[in-house]
Each structure stands twice: as structure tokens, then as C-alpha cells.
Novice: 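Sending over a structure as C-alpha cells; questions will come in a sec.
So you know, we letter chains A, B, ... as the sequences are listed, proteins then strands, and number each from 1. Source: prediction; values computed, not measured.
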There are 2 protein chains.
Amino acid sequence: MDRPALIVDNDDTAAPDLGALDGIVGFHIRLAHGAVYRHFSETFTGLDMTQKQVSVLWLVGDHPGIAQIALGGRLRMDRATTMTIVNRLQERGYLRRERSSSDGRKQSLFLTPLGESALEEAKACIESHETWLKSRFTPAEIEKLVEMLSRIHD
Amino acid sequence: MDRPALIVDNDDTAAPDLGALDGIVGFHIRLAHGAVYRHFSETFTGLDMTQKQVSVLWLVGDHPGIAQIALGGRLRMDRATTMTIVNRLQERGYLRRERSSSDGRKQSLFLTPLGESALEEAKACIESHETWLKSRFTPAEIEKLVEMLSRIHD
DNA sequence: CCGAATTGTATGCTTTACTAACAAATAGGC
DNA sequence: GCCTATTTGTTAGTAAAGCATACAATTCGG
């Protein structure tokens, strides 16, 4: 009697029965992340940028001249990952590199005019995306949620 | 005066100054997900399984004979993605496919004995991982967090 | 019975993330 | 000032995960 031999076919296709997995916090974070990511991609196909690319553009816009290492630090990416994303955005003409005048090892990053308009468009998209996301919470809940998520990522 | 020309070098490498990005809920979800994923991978290198693979193993253990389509539905994966993960776990000898007796289109999935012991080990790992994650919250907060995350992923 | 839908499968592409190695520049100890 | 260690960027390779598309087998519905 080590396994329920009766249950050979399991056809409850759509039921959200997750069993003990439902009690795992990390599992819910992953599912929620996936749902947000999917909504972002599905809704803004015309934008043709990922969340990550928008984040990078956004940070460079807020901190003109920021170095790649600082960028990666804020978004929790290592140097190699930061490289590939910056490369893509540069190839698209959204940002440019410039040798830092104060530290020859660093690259200063700047938005191009094209990048600035792309960022502006992206911010409008994110706003409607955020509205969709926040619609299921009260302002107090949103504050609490962000505060709790911050405790996780520091 | 359309850009702050003074700020050419931006050397605040470690500061968590995210500016307006800090107000974006989706951004915090992504960061939190990344932190959880990273802790999982770093802590359980010996396990050599990803969160996703463990989730699949776990669900098959809870629902012996489950079809791939049902598995994917619960974990919000499409058929192709489910395939690659099931393939990997099958190659490793953790689960086996069997034609469903009630529906010839479906494959019934079962854990092998090896898969069952791997799942057992993985569950122990997840427990300590969850302890790390939950350590920053009260039980009431955890309940609230999971409930809010569930509202996002339905 | 026949067309439509479902399920699995195979292929190819993209993004993200990591490691390891290397070069150039800087920083620190002496 | 000199030498070593560290930092930063870069390149190359690997892997997981996700998506789209196409196809075959099976089942379902009228």
C-alpha cells in the first residue's frame, strides 16, 4: 500500500489543485512573476522591449553617465548580463557608451534622442500595465506588498 | 536647459537609488523573484535541479498519471515548454511516460523510484529555502503575501 | 462519418543568467 | 614610485525557460 493504484488516469485538466505546493511562498512569487511578465509582453508587443530593457533605459535616463557596474548593481545583474542588454540597446540606437573621464575603467552610459523617446513611450506603456496590476489591490495593500517584496530583495 | 550637463560622472556604485522605478510594483516582483531564484540555485547546487523541475516532480508525485497538458496548465507553461522540462527529467530517470488508457492523445506521467527519492531530497531542500524566505515575515504577513500574490496569478 | 479540437512532438528562435578567461585602468601597501 | 591586487569592461561558451509554428495521432461533436 505504498501508492494509490486506482489513480491511473488524472483528467482534472483545469483545476488549480496544487496540493502542498500551494503552501510554498517561493512558488507563488514565481507564478506571480510569470503572470506579470506575460501580461507585459502580450500587451506591449509593439514596444518590442522586455521589462529588463525598459528598466535599464529608465535607470540610464535617471542617471546619465552611470557606469555599467552601477547599473547592474541596482538591477541585480552581473557584468556579463549587463553587457548583453546594453549591447542590444546600443545596437538599436537607444543608448551610447562613452569612456568615463574620472575613471578609465568605466563606461558612462547616455540615452540617445531615440532612446529618450523610446523611454517615454515605454513609461506610458508601463503606466497602463501598472494600472492593470494594481487594480486588484487597495492603495494600502499595494504599499504593504511593495514593502514586503523589498524585504525579500533588499 | 533640457539636461543636467553637470552630471557626467555618476559613481554612486552601490547605492540603491532606483528613482521612480521604485514605485513600480512589477519591478519589485521581478527583483524579489530574482532574489528567491538566486538563493535557491546558490544553496542547492548539489541538488542540480531548478525550481521549475522540482515543481514538476512535485506535481507528478501528488498526481500520479497526470497528463502533460494538465501539468502545464497548473504551472502556467505551454505545451512546448512542458515538453522540454519533462524530457529532461525523463532523461535523468526521474519520471516515465505512459500512454493514457482512457485518452490516446494523452501521456500519463509517473515518478520512477529514483524520481521519488529525488523529490524527497528536493522537498527537504525547499523546506530550508522556505525557512530562509519566511524568516523576514510574521505568519500573518506570510498569509497576506501569499493571498496577494495569488490575486495576481489567479 | 467527417470536420474541428485536443494533445503530444519536433524545430528553431529569443532573452536572461551564469562561468571563465583576459585586458586595461586604478588603488593600496611598502 | 613600484608592484601587486582589485575593479571594470569585454568576449566566448553554456544552460534554462519561453514562445511560435508546423505536423501527426487521437478524440469529440454535429
Side-chain angles (χ1 to χ4, degrees), chain A residues 9-11 13-14 30-31 33-42 44-45 47-56 65-73 75-92 96-109, chain B residues 9-11 13-14 30-31 33-42 44-45 47-56 65-73 75-92 96-109:
Chain A
D9 261 61
N10 205 317
D11 285 0
T13 307
R30 198 155 56 67
L31 278 192
H33 169 255
V36 171
Y37 186 88
R38 220 170 293 125
H39 177 267
F40 184 94
S41 319
E42 285 170 2
F44 310 119
T45 52
L47 189 61
D48 201 30
M49 276 197 289
T50 64
Q51 290 178 310
K52 199 119 236 181
Q53 289 164 359
V54 172
S55 300
V56 167
I66 191 174
Q68 288 182 191
I69 193 74
L71 195 58
L75 300 178
R76 309 293 194 282
M77 304 182 296
D78 67 1
R79 285 171 294 154
T81 305
T82 307
M83 273 294 300
T84 68
I85 294 178
V86 170
N87 282 346
R88 238 191 310 274
L89 292 172
Q90 188 183 28
E91 283 162 18
R92 278 171 125 180
R96 62 185 166 82
R97 290 173 157 105
E98 197 175 290
R99 199 106 233 158
S100 167
S101 50
S102 72
D103 188 335
R105 293 168 300 183
K106 293 183 179 175
Q107 294 274 37
S108 297
L109 299 176
Chain B
D9 261 63
N10 205 316
D11 284 359
T13 307
R30 200 155 55 64
L31 277 193
H33 169 254
V36 171
Y37 187 86
R38 219 169 296 125
H39 178 267
F40 184 94
S41 318
E42 285 170 4
F44 310 120
T45 52
L47 189 60
D48 200 29
M49 275 197 289
T50 64
Q51 289 179 311
K52 201 119 236 180
Q53 289 165 357
V54 172
S55 299
V56 166
I66 192 173
Q68 287 183 190
I69 192 74
L71 195 57
L75 300 179
R76 309 292 193 283
M77 306 182 295
D78 67 0
R79 283 172 297 152
T81 304
T82 306
M83 272 293 300
T84 68
I85 294 178
V86 170
N87 282 345
R88 240 190 310 272
L89 291 173
Q90 188 183 29
E91 283 161 18
R92 276 172 126 181
R96 62 186 167 82
R97 291 172 156 103
E98 198 174 290
R99 199 107 230 156
S100 167
S101 50
S102 72
D103 187 336
R105 295 168 300 183
K106 293 183 179 175
Q107 294 273 39
S108 296
L109 300 177

Novice: Taking the side chain of B:Ile69 as heavy atoms from C-beta outward, which of D:dG9, D:dA16, C:dT7 is closest to it?
Specialist: C:dT7
Novice: Drop me the distance from B:Gln107's CD to B:Leu71's CG, to the nearest 0.5 angstrom.
Specialist: 12.5 Å
Novice: Measure from CZ on B:Arg79 to P on C:dT6 and round the result to the nearest Å.
Specialist: 10 Å
Novice: From CG of B:Asp48 over to P of D:dT14, roughly how many Å is that when rounded to an integer?
Specialist: 17 Å
Novice: Considering all heavy atoms of both residues, which atom of B:Asp48 and which atom of B:Arg92 are nearest to each other, and what is their separation?
Specialist: O-NH2, 2.5 Å
Novice: Can you tell which of D:dT10, C:dT16, C:dT9 lies closest to the side chain of B:Met83?
Specialist: C:dT9
Novice: Between A:Asn87 and A:Thr84, do the side chains contain an N or O donor and an N or O acceptor separated by less than 3.5 Å?
Specialist: no
Novice: Which residue, A:Thr84 or A:Glu42, contacts DNA chain D at a nucleotide closer to its 5' end, judged by nearest heavy atom?
Specialist: A:Thr84
Novice: Fit a plane to each ring of A:His33 and B:His33, take the angle between them on a 0 to 90° scale, and name the class: parallel (under 30°), tilted (30 to 60°) or perpendicular (over 60°).
Specialist: parallel
Novice: How many Å lie between CD on B:Gln68 and P on D:dT26, as a whole number?
Specialist: 16 Å
Novice: In whole Å, I'd like the distance from the CG atom of A:Asn87 to the C1' atom of D:dA12.
Specialist: 13 Å
Novice: If the cut-off is 4.0 Å, is B:Arg88 near the phosphate of D:dA15, judged by side-chain N/O to OP1 or OP2?
Specialist: no
Novice: For C:dC18 and B:Arg38 - does any side-chain N or O of the residue sit under 4.0 Å from the phosphate oxygens OP1/OP2?
Specialist: yes
Novice: Between B:Thr81 and A:Arg99, which is nearer to the 5' end of DNA chain D once each is assigned its nearest nucleotide?
Specialist: A:Arg99
Novice: Ignoring backbone atoms, establish whether B:Lys106 has a side-chain N or O less than 4.0 Å from OP1 or OP2 of D:dT27.
Specialist: no
Novice: Want to settle it: does A:Thr50 or A:Ala80 sit nearer the 5' end of DNA chain C, counting the closest nucleotide to each?
Specialist: A:Thr50
Novice: Hey, what do you get for CE (B:Met77) to CD1 (B:Ile85), rounding to the nearest 0.5 Å?
Specialist: 4.5 Å
Novice: Can you tell me how far C1' of D:dC19 sits from CE of B:Met77, to the nearest Å?
Specialist: 13 Å
Novice: B:Phe40 has an atom CZ; how far is it from atom P of C:dC18, in whole Å?
Specialist: 15 Å
Novice: Given atom CG of B:Leu71 and atom P of C:dT9, what is their separation to the nearest angstrom?
Specialist: 12 Å
Novice: Pick base, sugar-phosphate or nothing for A:Arg30, based on heavy-atom distances below 4.0 Å to the nucleic acid.
Specialist: nothing
Novice: Just the rounded figure in Å: distance from C1' of C:dA10 to CD of B:Gln90.
Specialist: 15 Å
Novice: Can you find a side chain N or O atom of A:Gln51 that sits less than 4.0 Å from OP1 or OP2 on C:dT15?
Specialist: no
Novice: May I ask you to verify whether the side chain of A:Arg105 and the base of D:dG9 hold a donor-acceptor pair under 3.5 Å?
Specialist: no
